[in-house]
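In what follows, a single structure is set out as structure tokens and then discussed.
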Amino acid sequence: GENVEQHPSTLSVQEGDSAVIKCTYSDSASNYFPWYKQELGKRPQLIIDIRSNVGEKKDQRIAVTLNKTAKHFSLHITETQPEDSAVYFCAASTRSSASKIIFGSGTRLSIRP
Amino acid sequence: NAGVTQTPKFQVLKTGQSMTLQCAQDMNHEYMSWYRQDPGMGLRLIHYSVGAGITDQGEVPNGYNVSRSTTEDFPLRLLSAAPSQTSVYFCASSYFGGDRVIKQYFGPGTRLTVT
């Protein structure tokens with residue numbers, strides 16, 4: 001089955017700097033890669049996603065890149081702000097299993113003032 | 001729309017007790033899933049369903065049962081609670097968006113403690 005590995009487990013960056021979180025996946029059939037943000041005590045919320053036929057996607061300060069050959073994908077947050085502090089999860093799935101979404105172990109991002 | 005709802009929000013069980021965590025969605029989503037989240041860890045898939053009457057095992061199914069008799073409801077049953085099942089349980093529902101991309105929505109979670 002699918003296995004998703006995520007690095008780093010914790011990340012601290014100065015406010016205004018960029019943050020990068022990296023994930024790798026094992027199942028070459030995976031073709032959908034969402035990213036979730038979870039604030040303390042809250043439910044995970046989808047922030048951005050990318051399909052396998054797209055190499056990069058941007059949404060304001062957030063971007064995701066995908067390298068299907070190497071089976072890795074990354075989340076980039078630019079101009080970080082205090083409200084970006086949270087735990088971020090990457091995940092992977094196939095279109096044929098829309099409810100079987102496998103998550104990475106998470107990255108706790110802290111933004112230093 | 002209420003979205004994805006879960007009851008109860010908190011529960012304390014003794015070892016060996018059984019109980020059912022309820023999950024319901026009013027968005028007519030085909031797909032539903034149960035995850036557990038242990039402190040400082042990611043979400044691990046317990047069971048999932050691709051439609052009414054169809055369920056399958058995820059990464060950590062042992063000790064849990066599910067059924068999906070309707071599109072709206074997807075209860076998770078703990079057969080004989082163990083301290084290792086102390087966790088936060090999230091239910092989620094998902095569907096294919098207009099661009100054929102999966103959109104998944106989580107419920108608020110149930111915090112379960114087994115003593």
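Protein chains get the first letters and strands the later ones, always in sequence-line order, with residue 1 at the start of each.
Note on ring orientation: taking the six-membered ring where Trp is involved, the planes of A:Phe103 and A:Phe89 are perpendicular (angle over 60°, cut-offs 30° and 60°).
Only the side chain of B:Phe90 comes within contact range of chain A, with at least one heavy atom under 4.5 Å from a heavy atom of that chain. Contact of B:Gln37 with chain A is made through the side chain alone, with heavy-atom distances under 4.5 Å. Residue B:Tyr105 does not touch chain A at all, counting heavy-atom pairs closer than 4.5 Å. The part of B:Leu45 that comes within reach of chain A is its side chain, from C-beta onward, which places non-hydrogen atoms under 4.5 angstrom from that chain. Only the backbone of B:Ser49 comes within less than 4.5 Å of a heavy atom in chain A; its side chain stays farther off.
For the set A:Ser105, A:Gly106, A:Pro44, A:Gly1, the count of heavy-atom pairs under 4.5 angstrom toward chain B peaks at A:Pro44. Put simply, of B:Gly58, B:Ala92, B:Gly107, the one with the most heavy-atom pairs under 4.5 Å next to chain A is B:Gly107. For the options A:Gln6, A:Lys42, A:Arg43, heavy-atom pairs under 4.5 Å to chain B are most numerous at A:Arg43. Chain B forms the most heavy-atom pairs under 4.5 Å with one residue out of A:Glu2, A:Gln45, A:Gln38, and that residue is A:Gln38.
With no hydrogens or angles considered, a side-chain donor-acceptor pair links B:Tyr64 and B:Tyr89 at under 3.5 Å.
No side-chain heavy atom of A:Thr107 sits under 4.5 Å from any side-chain heavy atom of A:Ser9. Using a 4.5 Å heavy-atom threshold, the side chains of A:Lys22 and A:Pro8 count as separate.
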**Request:** Could you please spell out the steps behind the side-chain hydrogen bond (donor to acceptor under 3.5 Å, both in side chains) verdict for A:Tyr25 and A:Asn3?
**Result:** CA-CA 6 Å; A:Tyr25 61 98; A:Asn3 182 51; over 6 Å; no

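A salt bridge does not link A:Asp59 to A:Lys57: none of the charged side-chain nitrogens sits closer than 4.0 Å to a carboxylate oxygen.
The distance from atom CG of A:Leu75 to atom OG1 of A:Thr65, rounded to the nearest 0.5 Å, is 9.0 Å.
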